[in-house]
Amino acid sequence: MRLSKYFLPTTRKVPSDAKVPSHILSIRAGLIRQVSRGVYNILPFGYRIIKRIEEIIRDEMDKIGAQEILMPIIQPAELWQETGRWSEYGLELMRLEDRLGREMCLGPTHEELITELIRKEVHSYKQLPINLYQIQVKFRDEIRPRFGLLRGREFIMKDAYSFHATWKDLDKTYEDVKKAYSNIIEKCGLDYRIVEAESGIIGGKVNHEFMILAETGEEEIFYCTNCDFAVKKDLAPIKVEDKCPNCQSDLIKSKAIEVGHTFQLGTKYSESMKAYFLDKEGNQKPFIMGCYGFGVTRLLSAAIEQKHYDNQITWPIQISPFKFHMILINPHKEKLKQIAEELYQYLLRNNIEVLYDDREISAGIKFNDADLMGIPIIGVVGNEILKTNKIEIKNKIKSKKDLILKEDILDYITTESNI
RNA sequence: CGGGGCGUAGCGCAGUUUGGUUUAGCGCGCUUGCUUUGGGAGCAAGAGGUCGGAGGUUCAAAUCCUCUCGCCCCGACCA
């Protein structure tokens, strides 16, 4: 992609209404623009990152046998009345009426809808288990949206729902999803912990939260310096001075951002909605359910929070919108421009996603934009290439600078971005 | 919802206290031309505002009054 043609509005100044790094930087780097309170346009650069995250999620969900579907955003009130959540959910549920005066809501989550689907279509234990997921826009009229995409009213979420004949079978899928979530976050290159949590309005028994470690998180957790033990601060009678109950190592207190939440729902929804199947003995039984949420747009923000430094984003290479950010220093120098153009075409032919800064502006702006935008491998086509045939590389993955022969650039990018 | 704050050009702001020298400014950005060209360039010329909206007071309102809408921050809720 040529930066000269790319709709990527970067700003030099800090927007006055943003307070945390991910919010400030996602505006400055041209990822998002606010539409109204807690509602954002996602611009091309930002959307590329979201699509990367989504692909990783699809990959891992498909791997554990979940199947992708797409349910409507708009949902009829009747289903919510069946479970009692029409009144329970309160002001956070965005309600509206259609032209006939029928009450509807914008889905904040989809237990009702999926249970309705399954009760109509699945009637036998032979059809179980089944695990369905979607990646979709959700709407929650939050009391206080803040921090940009970190806590919007409208956000993209992956939500999955599984249906089982037995608790034992739910346990298995539940563990599969937990593993999948861990894989997703690891593939996104982020540091995280899993904690047990309360279930809130979703309901259910066992549940876990997936926490991205970051200074600006709204949650506080203690975690072990040695093993993977971690707890929410207010949920356990534990102090930082205590030792890990598993391995007696030291504990660390950290703020964290919740990006995933898994629940063993049991029969809460299947019973209230009379969703039954016939077991092997011919007995009618309610489905045993699990549900699993994962915030896509929130993960994007969390990645910025965890990986930024100073005024620079650094994308983990796995979710970086481009693999290589190529800066042409002097577009007016014919020879240099020719080399850069050829290099650009060469990389494209070899399927390297390259962002090529061919703009006719001063070098300082290009350097600063590149640092801000956060593609972790930045290459400079400048005087050095005329003298020694080498590209100057700023490698933010390994925090180092390299000089790479033009001929070796493809290998370099492939090797460095393949982690 | 309780408490605090802000709405003036695309962005960031000054001007509001004490109404009138303001034809509503400044910086950045934008347009055109020339120069410049390795860490946010220089000169010149330009474009861009119903001062968030409605009503009121007044000879006169960005400025005073009433209502209203929007946004931000601090708390309780959540992926």
Side-chain angles (χ1 to χ4, degrees), chain A residues 9-20 23-24 27-28 30 33-39 53 57 88-93 107-110 133 135-160 181 184-185 197-202 207-212 217-219 232 234 256-263 291-302 311-312 327-333 336-337 357 359-372 378 380-387 392 394:
Chain A
T10 57
T11 68
R12 195 167 163 184
K13 285 200 171 124
V14 176
S16 60
D17 53 1
K19 305 293 172 204
V20 298
H23 190 193
I24 293 169
I27 293 169
R28 289 198 51 212
R33 286 293 182 268
Q34 184 169 7
V35 174
S36 70
R37 190 168 165 264
V39 178
I53 297 168
I57 291 172
E88 220 177 287
Y89 222 98
L91 292 170
E92 198 168 312
L93 187 63
T109 175
H110 285 241
Y133 75 97
I135 297 177
Q136 190 221 34
V137 168
K138 294 280 184 282
F139 196 97
R140 294 182 189 176
D141 201 353
E142 290 272 351
I143 296 170
R144 186 144 105 83
R146 63 184 125 176
F147 308 148
L149 256 29
L150 217 39
R151 179 192 226 56
R153 289 194 297 169
E154 189 176 301
F155 56 95
I156 299 172
M157 174 171 145
K158 190 271 337 174
D159 47 327
Y181 276 24
I184 290 165
I185 300 172
E198 297 160 302
S199 54
I201 198 164
I202 308 272
N207 75 96
H208 292 89
E209 290 177 2
F210 291 72
M211 299 290 199
I212 305 291
E218 296 184 86
E219 311 280 348
K232 288 182 92 168
D234 357 314
I257 299 163
E258 178 195 351
V259 295
H261 202 155
T262 55
F263 300 84
C291 80
Y292 320 93
F294 195 98
V296 175
T297 36
R298 180 174 283 182
L299 181 81
L300 178 151
S301 288
N311 282 317
Q312 303 186 20
I327 296 175
L328 166 59
I329 289 288
N330 296 309
H332 57 279
K333 282 191 185 167
L336 212 49
K337 177 158 188 173
D357 194 346
R359 294 176 298 175
E360 301 200 358
I361 51 172
S362 72
I365 296 176
K366 295 188 180 192
F367 288 130
N368 282 312
D369 272 354
D371 289 339
L372 169 66
I378 301 167
V380 176
V381 175
N383 292 335
E384 191 66 35
I385 210 167
L386 292 176
K387 281 186 255 166
E392 299 147 80
K394 178 171 182 178

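Order of the sequence lines sets the chain letters (A, B, ...), proteins ahead of strands, with each chain counted from 1. This one's a predicted model, so the numbers in the text were calculated from it and none came from an experiment.
Base pairing of B:rC28 is made with B:rG10, judged by Watson-Crick or G-U wobble geometry with both donor-acceptor distances under 3.5 Å. When Watson-Crick and G-U wobble pairs are counted only if both distances are under 3.5 Å, B:rC77 pairs with no nucleotide at all. When both pairing distances are held under 3.5 Å, B:rA54 makes a Watson-Crick or G-U pair with B:rU66. Under the Watson-Crick or G-U wobble criterion, with both distances below 3.5 Å, B:rG33 is paired with B:rC43. Using the Watson-Crick or G-U wobble rule with both distances under 3.5 Å, B:rG48 pairs with nothing in any strand shown. Pairing of B:rC59, defined by two Watson-Crick or G-U wobble distances under 3.5 Å, is identified with B:rG20.
When the side-chain contact (heavy atoms from CB on, under 4.5 Å) test is applied to A:Ala370, the partners found at least two apart in sequence or on another chain are A:His325, A:Ile327, A:Ile378. For A:Gln136, the side-chain contact (heavy atoms from CB on, under 4.5 Å) test picks out A:Leu70, A:Ile73, A:His110, A:Gln134, A:Lys138, with sequence neighbours left out. Listed by chain and number, the residues in a ring-ring contact (aromatic ring centres under 6.0 Å, His included) with A:Phe210 are A:Tyr181 (sequence neighbours excluded). Applying the side-chain contact (heavy atoms from CB on, under 4.5 Å) rule to A:Ser16 yields no partners; only residues at least two apart in sequence or on another chain are considered.
Taking NE2 of A:His23 as the reference point, atom CZ of A:Arg151 lies at 13.5 Å (rounded to 0.5 Å). Here the CD1 atom belonging to A:Ile257 is positioned 9.5 Å from the CZ atom belonging to A:Phe147, to the nearest 0.5 angstrom.
With rounding to whole Å, A:Arg37 atom CZ is found 11 Å from B:rC1 atom C1'. Note: CD (A:Glu258) to P (B:rC77) measures 13 Å, nearest angstrom. If you take CD of A:Glu88 and C1' of B:rC78, they are 15 Å apart, rounded to a whole angstrom. The nearest whole Å value for the distance from the CG atom in A:Leu150 to the P atom in B:rC77 is 17 Å. Rounded to whole angstrom, the span from the CE atom of A:Met211 across to the C1' atom of B:rC78 amounts to 11 Å. Between the P atom of B:rA79 and the CG atom of A:Asn207 lies a distance of 9 Å, rounded to the nearest Å. In this entry the distance linking CD of A:Glu218 with C1' of B:rA76 reads 12 Å, nearest Å. A:Phe147 has its CZ atom 16 Å from the C1' atom of B:rC71, to the nearest Å.
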Using distance only, find each side-chain donor-acceptor pair of residues 360-367 of chain A under 3.5 Å and give its atom names and separation, not counting sequence neighbours.
| unit_1 | atom_1 | unit_2 | atom_2 | d |
| --- | --- | --- | --- | --- |
| A:Lys366 | NZ | A:Leu328 | O | 2.6 |
| A:Lys366 | NZ | A:Asp357 | O | 3.3 |
| A:Lys366 | NZ | A:Arg359 | O | 2.6 |

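Taking the P atoms as reference points, B:rG38 lies 14 Å from B:rG42, given to the whole Å. Comparing the C1' positions of B:rG53 and B:rU8 gives an interatomic distance of 14 Å, to the nearest angstrom. Atom name C1', nucleotides B:rA14 and B:rC59: the rounded distance is 29 Å, in whole Å. Between B:rC11 and B:rA54, the distance separating the two C1' atoms is 28 Å to the nearest Å. When the P atom is compared between B:rA9 and B:rU66, the two are found 25 Å apart, to the nearest whole Å. B:rC28 and B:rU21 have their C1' atoms separated by 28 Å, with the value rounded to a whole Å. To the nearest whole angstrom, the two P atoms, one in B:rG75 and one in B:rG39, are 43 Å apart. Comparing the same atom, P, in B:rA45 and in B:rC26 gives a spacing of 13 Å after rounding to whole Å.
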Could I get a table of every N or O pair under 3.5 Å where one atom is in the protein and the other is in nucleotides 30-40 of chain B?
| unit_1 | atom_1 | unit_2 | atom_2 | d |
| --- | --- | --- | --- | --- |
| B:rU37 | O2' | A:Asn330 | OD1 | 2.4 |
| B:rU37 | N3 | A:His332 | ND1 | 3.2 |
| B:rG38 | N7 | A:Asn383 | ND2 | 3.2 |
| B:rG38 | O6 | A:Asn383 | N | 2.2 |
| B:rG38 | O6 | A:Glu384 | N | 3.3 |
| B:rG38 | O6 | A:Glu392 | OE2 | 3.4 |
| B:rG38 | N1 | A:Glu392 | OE1 | 3.0 |
| B:rG38 | N1 | A:Glu392 | OE2 | 2.8 |
| B:rG38 | N2 | A:Glu392 | OE1 | 2.5 |
| B:rG39 | N1 | A:Asp371 | OD2 | 3.3 |
| B:rG39 | N2 | A:Asn368 | OD1 | 2.9 |
| B:rG39 | N2 | A:Asp371 | OD2 | 2.6 |
| B:rG40 | O2' | A:Arg12 | NH1 | 2.9 |
| B:rG40 | O2' | A:Arg12 | NH2 | 2.7 |
| B:rG40 | O6 | A:Arg28 | NH2 | 3.4 |

*Give the C-alpha distance, both sets of side-chain angles, the deciding distance and a yes or no for side chain to side chain contact (heavy atoms under 4.5 Å, CB included) between A:Leu150 and A:Glu218.*
CA-CA 10 Å; A:Leu150 217 39; A:Glu218 296 184 86; 5.5 Å; no
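Between A:Ser16 and B:rC13 there is a side-chain polar atom (N or O) within less than 4.0 angstrom of OP1 or OP2. For the pair A:Gln34 and B:rC72, the criterion of a side-chain N or O lying under 4.0 Å from OP1 or OP2 is met. Under 4.0 angstrom from either OP1 or OP2 of B:rC72 there lies no side-chain N or O belonging to A:Arg146.
Residue contacts shown for A:Gly293 are limited to sugar-phosphate atoms, with no base heavy atom under 4.0 Å away. As judged by a 4.0 angstrom heavy-atom cut-off over every strand, A:Glu219 is placed among the base-contacting residues. Across all strands, A:Gly148 comes closer than 4.0 Å to no nucleic acid atom at all (heavy-atom distances). Nucleic acid contact class of A:Glu142 (heavy atoms, under 4.0 Å, all strands): base. Across all strands, A:Lys138 comes closer than 4.0 Å to no nucleic acid atom at all (heavy-atom distances).
Between the A:Arg28 side chain and the A:Thr10 main chain, no donor and acceptor come within less than 3.5 Å of each other. Judged by distance alone, with hydrogens and angles left aside, the side-chain atoms of A:Arg298 form a donor-acceptor pair with the main-chain N or O of A:Glu258 at under 3.5 Å.
For A:Arg144 against B:rC72, a side-chain-to-base donor-acceptor contact under 3.5 Å is absent.
Nearest-nucleotide positions on RNA chain B for A:Ser36 and A:Arg298 put A:Ser36 closer to the 5' end.
Taking a centre distance below 5.5 Å and an interplanar angle below 30 degrees as the stacking criterion, A:Phe294 does not stack against the six-membered base ring of B:rA79.
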